[in-house]
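The structure under discussion appears below in the form of structure tokens.
Given the structure is predicted, the values throughout are model-derived calculations rather than measurements. These numbers come from the heavy atoms of this one structure, side chains and all, not from hydrogens, waters or symmetry mates. Every chain is numbered from 1 and lettered A, B, ... according to where its sequence line falls, protein lines coming before strand lines.
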There are 2 protein chains.
Amino acid sequence: MAQGEVRSGSAAAPRGVDVARHAGVSQKTVSRVFNGERYVSEDVRRRVLEAAEELGYRLNSAARALASGRTHSIGVVTLGTALYGPASLLIGIERAARDVGYALRVVNTLEGDPGGIAGAVEHLLEQGVDGIVVSEPIDEGAVSLSVDVPVLVLGSPAPFAGPRTVSAGVGAELPAREATRHLLGLGHRVVHHLAGPQRWFAARDRLAGWRAALAERGRDQPPVIEGDWSAASGYAAGHELASDRDLTAVFAANDDMAIGLIRALTEAGLRVPEDVSVIGFDDTPVSAYVTPPLTTVRQPFDAVAREGLRLLVHAIEKPDTELPPANDPPVELVLRASTAPPPQHRPQTTD
Amino acid sequence: MAQGEVRSGSAAAPRGVDVARHAGVSQKTVSRVFNGERYVSEDVRRRVLEAAEELGYRLNSAARALASGRTHSIGVVTLGTALYGPASLLIGIERAARDVGYALRVVNTLEGDPGGIAGAVEHLLEQGVDGIVVSEPIDEGAVSLSVDVPVLVLGSPAPFAGPRTVSAGVGAELPAREATRHLLGLGHRVVHHLAGPQRWFAARDRLAGWRAALAERGRDQPPVIEGDWSAASGYAAGHELASDRDLTAVFAANDDMAIGLIRALTEAGLRVPEDVSVIGFDDTPVSAYVTPPLTTVRQPFDAVAREGLRLLVHAIEKPDTELPPANDPPVELVLRASTAPPPQHRPQTTD
DNA sequence: TTGAAAGCGCTAACAA
DNA sequence: TTGTTAGCGCTTTCAA
């Protein structure tokens, strides 16, 4: 194993003045160099950089923040991060933030946390951030916040009204509708929905898309079963649904639930997709490799995060100019083996 | 939808002196109240709190950090966070950190990033952190860092030597050995290993455990196949392994690869567990619901994070006292349906 | 193109 | 128990 060595700092950290003295310039000039300001001669810049290197100088971000009022950091409120969606969004946000020179502060609010999202936002505000991202929010009723920085809401139309609130990745309804249409197009007369927890806006959108697809074909809407995103809840739902003689197709609000659902159906003696078709949502990395490989909806998490951050940074850095046009990245239906036409031998009524 | 309202800040944020004036005390007293210091009369405390509430006062953490030299925040370097393990660790870290009053700054270093872990650490140091967590590091050769804060390395024996380096969750070898033993105990003569990427220390530990289990029984070690943690890589490996007539058991270094592997074996006409037993590692939330439900090793990510943070915070706050004894939380073998005795009909040689 | 001076809002050290 | 004073290391403003 390659061992790295860590030089533990001994004396106090060098400051800008130390570098300045070393380079024979003023402290302000050091500041100029490190902020990439204009009006620094090439010679001076080089000398400052050398001196800084030699002393192991690092800008002190606390001092910088205090003097400038800007922290160059963005706070993220995320829920249930171990879920594939939120985790993927977080990665995308970090990436995009770093690319534009912002650091990330993270607060993870699990459902049921005292204070909820509002508390998490408050916490971030105390830490000092130039902007806030609320990733995949849930409905916590009326929330009143005193926020003086721009807020980006990811994965739902902004649940907080506010002059400096932007959003991205709000397009879950349409793909949910398409997923349902896909099943309908295969010939299924009824499509059941295994919904996500309805406090999540993302879950509501999917439910709405499903309803819309059924409505446009004039189909009945069977009762909705609500899960909690977990495979375990999908499994429980599957046991319930398996007793329904009319069951031929289910649209699950995420892949994990779809996987649990399929397991339960399999245990009940139903084959997927021969007896029952199942479609998921998210396209997690394992979804293509479960049995049967899951037909699902792929979400462009990275693109959503990047797009959202673009808007947020604009709102931070050019507060008085208009927002650039939003272009939500496209969501994609991924056809695999868990969906098929309904079984022939089942009784079929006419329209 | 319940709409929250956001009161956008208008004037400049109130400062400690403003609160002080309002409450008729000195600024220092306000500071005392907000830091929970002793020697503040109940009456004064109440007045200060009321004034602060009224003005919407919030401590300015940049000023605090500048004056005190402490940021009350911890930086996390994490790799490929969408993986279940790292994502779970991150949640645990955030939780544990918040519980002890620390905020979190996150840098996500993907494999192949310029600068790698060292660059990420440097980045955190610039932001100002009181301690650093390196979660599930990979081997990037000799790394030389000038770090003057304590470092916690999660999931591997510290790859950075250093006076203020602690570690937790380093026990992957033993459970890997037990997983292999389980297969051996079932009667399998050979256990193959589908390894994780060997730059990850976590993957090396699992490989070592597998080797150790085979060695203690004097069994041959078949060639190791190396994946990249993904189900896709497990699938590719499965196609390779399926042609091996002797294949009856595989220990995969994580659940995702195990799932891909099973898919490939299934496609090759091999049944799991009747023909081939497969055991995974991690116990992701879907592992119990794939077909067949996966026998695996459950990692106590939350406990590991909590334990590690306990050590880190000790190193931060009491740098001169001895570390409390480490107690790595236990890892647990979860028996499900993907493992069974080897097929009877296969030719069996004697020991 | 460079520099000097004046804070940013807090905590530390000391006094009262 | 409370207050006073002096920085923390930068950026801002203004002057040279």
Which atom pairs link the protein and nucleotides 1-4 of chain C when you take only N or O atoms and keep those under 3.5 Å?
{"from": "C:dT2", "atom 1": "OP1", "to": "A:S41", "atom 2": "OG", "distance (Å)": "2.9"}
{"from": "C:dT2", "atom 1": "OP2", "to": "A:S41", "atom 2": "N", "distance (Å)": "2.7"}
{"from": "C:dT2", "atom 1": "O4", "to": "A:R32", "atom 2": "NH2", "distance (Å)": "3.4"}
{"from": "C:dG3", "atom 1": "OP2", "to": "A:S26", "atom 2": "N", "distance (Å)": "2.9"}
{"from": "C:dG3", "atom 1": "OP2", "to": "A:S26", "atom 2": "OG", "distance (Å)": "3.1"}
{"from": "C:dG3", "atom 1": "OP2", "to": "A:T29", "atom 2": "OG1", "distance (Å)": "2.5"}
{"from": "C:dG3", "atom 1": "N7", "to": "A:R32", "atom 2": "NH1", "distance (Å)": "3.3"}
{"from": "C:dG3", "atom 1": "N7", "to": "A:R32", "atom 2": "NH2", "distance (Å)": "3.4"}
{"from": "C:dG3", "atom 1": "O6", "to": "A:R32", "atom 2": "NH2", "distance (Å)": "2.8"}

Who are the salt bridge (charged side-chain N to carboxylate O under 4.0 Å, His left out) partners of [X], not counting sequence neighbours?
| X | value |
| --- | --- |
| B:R21 | B:D18 |
| B:R306 | B:D99, B:D302 |
| B:E42 | B:R45 |

What is the distance, rounded to the nearest whole Å, between atom CD of A:E37 and atom P of D:dC10?
14 Å
Check the distance between C:dG9's P and A:R70's CZ and give it to me in whole angstrom.
16 Å
Near-strand residues of residues 55-68 of chain B, defined as heavy-atom separation under 4.0 angstrom from DNA chain D
B:L66, B:A67
Quick one: list whatever passes side-chain hydrogen bond (donor to acceptor under 3.5 Å, both in side chains) with B:S73, sequence neighbours left out.
B:T71, B:R105
side-chain hydrogen bond (donor to acceptor under 3.5 Å, both in side chains) involving B:E94 - partner list, sequence neighbours excluded
B:R98
Which pairs with one or both residues in residues 113-128 of chain B pass side-chain hydrogen bond (donor to acceptor under 3.5 Å, both in side chains), sequence neighbours excluded?
A:R58-B:E122, A:R95-B:D113
Near DNA chain C, counting only heavy atoms under 4.0 Å, which residues of residues 121-130 of chain B show up?
none
What residues, two or more places apart in sequence or in another chain, satisfy side-chain contact (heavy atoms from CB on, under 4.5 Å) together with A:R32?
A:K28, A:T29, A:E37, A:V40
Applying side-chain contact (heavy atoms from CB on, under 4.5 Å), can you list everything that pairs with A:S68, at least two apart in sequence or on another chain?
A:R70
I'd like a table of donor-acceptor pairs (distance under 3.5 Å, sequence neighbours excluded) in which one partner is a side-chain atom from residues 311-320 of chain B, with atom names and distances.
{"from": "B:H314", "atom 1": "NE2", "to": "B:T321", "atom 2": "OG1", "distance (Å)": "2.8"}
{"from": "B:H314", "atom 1": "NE2", "to": "B:E322", "atom 2": "O", "distance (Å)": "2.8"}
{"from": "B:E317", "atom 1": "OE2", "to": "B:Y102", "atom 2": "OH", "distance (Å)": "2.8"}

What I want to find out is whether A:R310 reaches A:E307 closely enough, with some N-O distance under 4.0 Å, to be called a salt bridge.
yes
Does a side-chain N or O from B:S31 land closer than 4.0 Å to OP1 or OP2 of C:dT11, or not?
yes
